[in-house]
Every structure is written in C-alpha cells, then in structure tokens.
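A short write-up of the structure that comes next.
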There are 2 protein chains.
Amino acid sequence: MESTNIHPTADWIFNQAKINIPNISLGTVYRNLKQLSDEGDIRTIHDGAIARYDCNKDRHDHLRCKVCGDLIDVQLFDDDLRKIVKKKYKFEADDVEMTIIGTCKKHTK
Amino acid sequence: MESTNIHPTADWIFNQAKINIPNISLGTVYRNLKQLSDEGDIRTIHDGAIARYDCNKDRHDHLRCKVCGDLIDVQLFDDDLRKIVKKKYKFEADDVEMTIIGTCKKHTK
DNA sequence: AATAATAATAGGAACTATTACTATTTAAGT
DNA sequence: ACTTAAATAGTAATAGTTCCTATTATTATT
C-alpha cells in the first residue's frame with residue numbers, strides 16, 4: 001500500500017493483496033485497515049459514499065480533479081484557520097475533512 | 001424540509017413525508033432529492049457514508065460537533081483560499097467540501 | 001369531455017460498500 | 001505436545017442507494 005501514491009479503496013487493496021495471498025478474505029482487509037486507522041498509522045478518507053485509505057499520516061487536505069479523477073494531497077487548513085474557527089464560532093477543531101473539487105494543472109493549457 | 005435547520009437524511013425526509021403522504025415511496029424521495037440537487041435548489045453533503053441534504057444553497061462549510069452531533073453551517077472557504085489553491089497548486093477550484101470535526105460552544109465552560 | 005401522449009409514482013428487486021458471525025486455522029506460551 | 005488466545009476465510013447480514021416496471025396522475029389535443 002505504501003508503494004503507491006494513490007488513495008486506494010478497500011477493494012483495490014484486497015485485489016492487490018490477493019496477488020501474494022491468494023485466499024485472503026475481504027473481511028481481513030477491512031479489519032486490518034480499521035485497526036491501522038484506529039492506531040493512527042493510516043487515515044481514512046470519505047470520498048463520496050466510499051472509503052479510501054491514505055498512508056500520509058499528517059493532517060492534510062485533498063484536491064480532486066473532476067477530469068482525471070486524481071486525488072492530490074495538499075496542506076491548506078492551518079493554525080490560522082483553526083484560530084478563526086475558534087474565535088468566530090467558538091468551535092474547538094480536532095480534525096478537518098476538506099476536499100476541493102476542480103480541475104488540476106494537467107488539464108489547463 | 002425548509003422548516004428545519006437540521007441537515008436531514010433521505011430516510012428522515014421519507015418518514016416526515018409519510019405523515020402527509022402515507023404511501024409515498026423511498027424511491028420517490030431519492031429521485032426528487034436528486035433532481036433538486038441537480039437543479040441546484042438544494043445541496044447534497046456527504047456525511048461519512050451517508051448523504052444529507054441542505055437547503056442552504058450558498059456554498060458553505062460545516063462544523064460537526066462530536067459531542068452532540070450537531071452540523072453547523074459556516075463560511076470559511078473564500079476567494080482568498082481559492083486564489084491560494086490556484087497559485088500554489090495550479091488547481092481551478094469549482095466546489096469545496098469541508099467539514100470540521102470538533103467541539104461546539106455548547107460544551108465549553 | 002374523451003383521447004392520446006407524457007411524466008411521475010409505488011413497490012420492490014438489485015446493487016455496493018461495509019460489518020458481523022462462526023467454524024477453522026495459526027501463533028504463542030508453558 | 002498441549003492449552004489458550006488471537007487472527008482468518010468464508011459467508012451471511014446490513015444499510016444506503018439506485019434501478020426497474022407496471023400503474024397512476026397530469027397535461028395537451030381535438
């Protein structure tokens with residue numbers, strides 16, 4: 001999983017794992033992903049209705065390109081924004097899920 | 001649906017609708033929500049694995065309180081951030097899905 | 001008002017991602 | 001080797017959502 005910079009789904013991981021462990025079960029994949037996620041070794045990201053998994057442990061945001069479907073890691077939400085949330089809405093932010101949908105640089109002439 | 005400031009699920013709407021239209025079908029609810037969403041009359045928000053619907057048509061973000069579960073409408077992503085995304089990542093932002101998870105002011109002494 | 005054409009609906013089946021369950025296997029400790 | 005505990009495969013079950021079809025409602029046409 002670390003060998004890729006994509007943000008794989010459980011199903012993708014299941015299929016990759018089958019190459020080396022032919023009779024691995026999908027339940028095992030989900031169970032282990034959940035454990036890794038709970039321990040903070042990976043991150044679970046909600047991409048619409050399905051879950052993707054991210055080896056990038058640092059808090060970060062995503063750009064999703066609507067042309068090629070790429071999901072790109074970026075850093076946008078910072079302490080400044082956290083402070084604004086705190087001041088303006090009296091809300092203590094623990095975690096942020098931000099995905100920006102648009103067009104990536106590959107498709108701009 | 002407009003009578004509430006919550007962010008209802010399809011199921012909640014279905015149950016509310018049944019009060020007045022006892023034999024309404026869940027498919028009808030989904031179909032009409034999809035249509036309204038496509039036309040831009042409501043917004044679909046992805047809350048984890050399930051979809052919620054929002055009458056607030058203006059682009060906005062959400063704060064989700066992990067204590068009481070409240071989903072609060074806020075305005076955080078602005079043109080400044082859009083410009084940063086454009087400049088830093090050469091990414092043309094069309095839409096943003098941002099949910100900040102934390103603790104709302106109701107639970108801070 | 002009767003008829004034809006079109007759209008919307010109920011009800012349920014089908015689908016997809018995920019979780020739960022259980023008998024069996026693997027590993028660890030003694 | 002034997003016991004205990006943990007992990008797994010395989011499958012059933014669940015939840016949210018979409019798809020399908022026969023039927024019903026709506027609109028337009030004469």
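Since the model is a prediction, treat every value here as computed from it, not as a measurement.
One can place CG of B:D11 at 9 Å from P of D:dT17, the figure rounded to the nearest angstrom. In this structure, OH of A:Y30 is placed 17 Å from C1' of C:dC21, rounded to the nearest angstrom. Atom pair B:H46:NE2 and C:dT18:P shows a separation of 13 Å (rounding to whole Å applied). Note: NZ (A:K34) to P (D:dA7) measures 14 Å, nearest angstrom. Rounded to an integer number of Å, the gap from CD1 of B:I50 to P of D:dT14 is 19 Å. Put simply, CG on B:N32 is 15 Å from P on D:dC19, counting in whole angstrom units. The CZ-C1' distance, from A:R52 to C:dA17, rounds to 12 Å in whole Å. Per the geometry, CG belonging to B:N15 stands 12 Å off P belonging to D:dG16, to the nearest Å.
Screening B:N56, B:D54, B:I50 against B:I45 for a side chain to side chain contact (heavy atoms under 4.5 Å, CB included) leaves a single residue, B:D54.
Closest to the side chain of A:T28, out of D:dG10, D:dT8, D:dT17, is D:dT8. Checking C:dA10, D:dA9, D:dT8 against the side-chain heavy atoms of A:I24 singles out D:dA9 as nearest. In this structure, the nucleotide among C:dA10, C:dT9, D:dA7 sitting nearest to the side chain of A:R31 is D:dA7. Taking only side-chain atoms of B:I21, from C-beta outward, the nucleotide of C:dA10, C:dT18, D:dT8 with the closest atom is C:dA10.
B:L81 is connected to A:F91 through a chain of hydrophobic side-chain contacts under 4.5 Å among Ile, Leu, Val, Met, Phe, Trp and Tyr, so both are in one cluster.
Residues B:E92 and B:K86 are in side-chain contact: their nearest non-hydrogen atoms beyond the backbone lie under 4.5 Å apart.
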(request) Output, in order, the C-alpha distance, side-chain angles, deciding distance and verdict of salt bridge (Lys or Arg N to Asp or Glu O under 4.0 Å) for B:D61 and B:R59. (result) CA-CA 7 Å; B:D61 312 296; B:R59 113 124 295 284; 2.7 Å; yes
(message) Using the rule given for salt bridge (Lys or Arg N to Asp or Glu O under 4.0 Å), can you reason through B:D79 versus B:K83, listing the C-alpha separation, both sets of side-chain angles and the distance that settles it, and then say yes or no?
(response) CA-CA 6 Å; B:D79 275 343; B:K83 275 172 199 156; 5.7 Å; no
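Along DNA chain C, the nucleotide closest to B:Q35 and the one closest to A:A51 are compared, and the more 5′ of them pairs with B:Q35.
D:dA5 and C:dT26 make up a base pair, with Watson-Crick or G-U wobble contacts both under 3.5 Å.
Note on A:L26: a base of the nucleic acid sits closer than 4.0 angstrom, heavy atoms only.
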